[in-house]
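In what follows, a single structure is set out as structure tokens and then discussed.
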Protein chains: 2
Amino acid sequence: MNATIKDVARAAKVSIATVSRILNNQPGYSLKTKQRVLKAIKTLNYQPNAVARGLINKKTRTLGILVPNVSSMFSSLLLKGVEDAAYTRGYSVIMCHTANSGVRTMDYLHVLKEKRVDGLLFTSEVLKDAYYDEIRRMGVPLVLLATQSLNDSIPYVKVDDRMAAYHAVRYLIAKGHTKIGMISGNKEDRIAGQPRIDGFIQALKDHNLSFNQKQIVYGPSFSFDDGKRLLLDLLSKNRGLTAIFAASDFLAVGALSAAYSSGLRVPDDLSIIGYDNLEIAKMSLPPLTTVGQPLFQIGSVGGMMLIDIIEDKGNVEGRILPHQIIERQTVSERSKALTEKNYDKQ
Amino acid sequence: MNATIKDVARAAKVSIATVSRILNNQPGYSLKTKQRVLKAIKTLNYQPNAVARGLINKKTRTLGILVPNVSSMFSSLLLKGVEDAAYTRGYSVIMCHTANSGVRTMDYLHVLKEKRVDGLLFTSEVLKDAYYDEIRRMGVPLVLLATQSLNDSIPYVKVDDRMAAYHAVRYLIAKGHTKIGMISGNKEDRIAGQPRIDGFIQALKDHNLSFNQKQIVYGPSFSFDDGKRLLLDLLSKNRGLTAIFAASDFLAVGALSAAYSSGLRVPDDLSIIGYDNLEIAKMSLPPLTTVGQPLFQIGSVGGMMLIDIIEDKGNVEGRILPHQIIERQTVSERSKALTEKNYDKQ
DNA sequence: TTGTAGGCGTTATCAG
DNA sequence: CTGATAACGCCTACAA
């Protein structure tokens with residue numbers, strides 16, 4: 001059905017070697033033959049077979065990316081970033097939805113190996129030893145996105161979670177808040193858990209605010225429903241809280257929702273700052289102030305980095321990308337007077 | 001680096017033909033040799049090279065999917081569905097973010113052809129002739145997701161947009177609303193535009209409600225920002241509206257936001273029903289009532305269908321999947337009395 | 001039950 | 001400047 005290099009050679013009355021040279025613009029042919037060949041290519045609508053090329057070159061110009069959830073607002077931005085980098089560099093990307101499942105992840109690793117992808121991206125989840133061993137055996141480069149490996153020196157690109165959390169809380173403090181609670185998601189999470197908690201506590205300490213463990217409340221995940229539940233939990237354990245740092249936008253929006261249901265007005269009665277700056281942050285009511293991580297960029301920078309490694313242009317160092325406070329409408333300025341007034345109420 | 005079939009053959013002291021037979025479990029070997037070969041495979045950690053296989057079989061077990069925006073809540077669910085079908089059938093999927101760009105789409109079509117994918121999924125956008133011609137030349141099956149081609153009989157999987165809109169409006173009417181407006185997105189959109197408008201109008205007519213063109217308001221897209229703007233526009237053109245049908249959840253949530261800003265309470269003063277049932281519908285304030293389309297399913301059914309065609313098991317007919325009204329909290333019951341009371345106010 | 005050999009579409013190394 | 005030809009890793013007649 002599809003024309004092959006042989007067809008082109010025959011049509012142009014040259015050898016396949018010559019066609020190949022022209023295709024890969026290597027030296028060794030006259031202008032005339034080149035034009036003849038080019039014409040043959042056009043009329044036959046010839047396009048080289050990447051599979052055959054891959055076989056001999058041992059390069060497929062294909063990347064594999066493993067994400068826990070293809071459709072989450074978080075991962076999908078990462079995906080888009082990777083895709084963009086791949087596109088501009090002439091690579092394709094195979095997406096693998098791991099569903100947080102070990103067997104599914106291993107399955108994909110095997111497929112990706114069989115398909116001889118040139119490199120791997122691994123996102124969000126922690127890189128288990130079993131995965132890493134398998135990847136080592138594949139012998140392809142790997143870069144981590146929005147996550148980091150503790151024991152090994154695998155290149156990664158992410159934000160400084162501890163610092164970002166610190167800045168979020170510092171922002172609250174700068175706005176005059178002194179009674180601040182935190183809705184942490186799953187504290188076992190190596191990236192979104194402890195580091196953000198540490199940042200929260202450090203910010204409190206650095207500004208001479210007292211800290212008690214009950215100011216932090218934990219959940220199984222970082223979801224909207226957890227946010228709803230956890231806000232109530234947090235409020236019941238602490239009196240007089242005026243601001244809250246939520247470890248994800250979903251948690252924050254869930255908190256927003258719970259606040260609304262219990263008659264608390266945001267930001268008048270309670271300020272909330274989120275984490276991530278997903279699309280939903282713009283669309284919540286009121287629009288959510290949050291500390292944003294550049295997810296698309298993390299993806300594209302990571303993709304570029306991986307391709308650089310593949311093509312040996314590579315600095316293979318981890319990279320921390322800057323985060324940023326996105327001011328919207330869920331954090332209020334809190335004057336001293338206001339604070340006292342509020343105390344009276346309670 | 002990686003072991004080949006030849007290495008296995010040598011290690012097991014058989015010919016590569018025998019190894020191949022065992023790999024593809026075809027008849028023609030004794031149990032003993034099989035076990036010997038299997039052991040060799042294990043110890044060498046051999047995995048077949050899918051590139052070589054693809055070259056000879058002319059099958060890559062790879063699908064290509066073209067989506068306008070990888071990271072939109074809408075497309076990403078479709079993606080996940082396709083991915084899931086592919087995974088269960090042993091296929092991989094290459095994702096292509098077209099960014100609504102013609103050249104980018106054509107670029108992708110070319111690489112997908114070069115990489116010899118076994119089939120194509122095309123989503124959301126209209127299938128331009130240039131795309132279709134190129135795909136025909138590729139000679140691979142195609143299925144359309146959440147869109148449909150008018151002139152040709154290409155298999156598709158989608159919802160009945162006209163019917164879904166009709167039901168949304170009928171639902172509003174059943175709740176006692178008689179003054180209903182519509183926020184349409186881009187009316188040029190072949191799928192999300194006119195069909196939903198038609199459904200809206202038809203529902204009104206079938207229930208003997210008057211209809212005037214100004215009850216519908218249009219925007220450039222289906223976005224949150226458009227929703228904000230368009231609600232105000234709609235309200236200014238029509239007095240006494242008690243309910244609104246928005247052609248997308250984003251439009252609806254934008255409308256929610258605008259309503260809030262202008263002091264209108266949803267659903268007490270104004271009811272709103274959306275379209276899509278994206279994740280955001282659960283998380284809006286109040287949670288959005290909407291007519292849901294099963295995006296994940298559309299993706300997975302479409303993926304299965306495509307693979308069926310590839311593997312010649314194929315019924316190649318288009319399929320309409322059922323939509324469903326998802327009742328949440330943005331539509332109020334409207335008694336006759338209430339209606340009159342509201343009229344007095346205005 | 002097993003092995004030999006040709007070929008899938010390219011690239012690359014030789015000669016000429 | 002050009003053309004044979006041997007790989008790449010695998011599958012599959014065809015023989016044995």
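So that the names make sense, note that chain A is the first sequence line, chain B the second, and so on, each numbered from 1.
Distances from the side chain of Asn49(A) to the nucleotides dT10(C), dT12(D), dT2(D) place dT10(C) closest. Comparing dG9(D), dT11(C), dG3(C) by their closest approach to the side chain of Thr18(B) singles out dG3(C). Distances from the side chain of Ala52(B) to the nucleotides dC10(D), dT2(D), dT12(D) place dC10(D) closest. Candidate nucleotides dC8(C), dA7(D), dA4(D) were compared by shortest atom distance to the side chain of Ile56(A), and dA7(D) ranks first. Ranking dA12(C), dC11(D), dT2(C) by closeness to the Ile5(B) side chain, first place goes to dC11(D).
Among the heavy atoms of the strands lying under 4.0 Å from Pro48(B) are primed sugar atoms or P, OP1, OP2 only; no base atom is included. No engagement by Val51(A) is indicated, since no non-hydrogen atom pair under 4.0 Å with the nucleic acid exists. Within the nucleic acid shown, Ser20(B) comes within 4.0 Å of at least one base atom, counting heavy atoms only.
Using modelled atom types and a 3.5 Å distance limit, the side chains of Ser92(A) and Lys115(B) yield a donor-acceptor pair. In this model, no donor atom of one side chain and acceptor atom of the other lie less than 3.5 Å apart for Tyr46(A) and Asn2(A). Counted by atom type alone, Asn69(A) and Lys80(B) present one or more donor-acceptor pairs between their side chains at under 3.5 Å.
Atom CD1 in Ile16(B) sits roughly 13 Å away from atom P in dG6(C) (whole-Å rounding). Atoms CG (Leu55(A)) and P (dC8(C)) sit 14 Å apart, rounded to a whole Å. Separating the CG atom of Leu31(B) from the P atom of dT1(C) is a distance of 11 Å, rounded to the nearest angstrom. The distance between atom CD of Gln35(A) and atom P of dC1(D), rounded to the nearest whole Å, is 14 Å. The interatomic distance linking Gln47(B) (CD) with dC10(D) (P) rounds to 11 Å, in whole Å. Rounded to a whole Å, the NZ atom of Lys115(A) is 16 Å from the C1' atom of dG9(D). Put simply, NZ on Lys59(A) is 13 Å from P on dA12(C), counting in whole angstrom units. dT10(C) atom P lies 16 Å from atom CZ of Arg61(A), rounded to whole Å.
The neighbour count for Arg190(B) CZ, taken as heavy atoms of other residues, nucleotides or ligands under 6.0 Å away, does not exceed 12.
With hydrogens and angles ignored, the 3.5 Å screen pairs a side-chain donor or acceptor of Arg36(A) with a backbone N or O of Ala12(A).
Under 4.0 angstrom from either OP1 or OP2 of dC8(C) there lies no side-chain N or O belonging to Asn57(B). Thr33(A) has a side-chain polar atom (N or O) that falls below the 4.0 Å cut-off from OP1 or OP2 of dT2(D). Within the structure, every side-chain polar atom (N or O) of Lys32(B) is placed at least 4.0 Å from both OP1 and OP2 of dT1(C). An OP1 or OP2 oxygen of dG9(C) is reached within less than 4.0 angstrom by a side-chain nitrogen or oxygen of Lys58(B). Side-chain nitrogen and oxygen atoms of Ser15(B) include at least one within less than 4.0 Å of the OP1 or OP2 phosphate oxygen of dG3(C).
Nearest-nucleotide positions on DNA chain D for Arg21(B) and Lys13(A) put Lys13(A) closer to the 5' end.
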Could you check Arg104(A) against Glu83(B) for salt bridge (charged side-chain N to carboxylate O under 4.0 Å, His left out), going step by step and ending with a plain yes or no? CA-CA 12 Å; Arg104(A) 192 151 171 157; Glu83(B) 204 277 350; 2.8 Å; yes
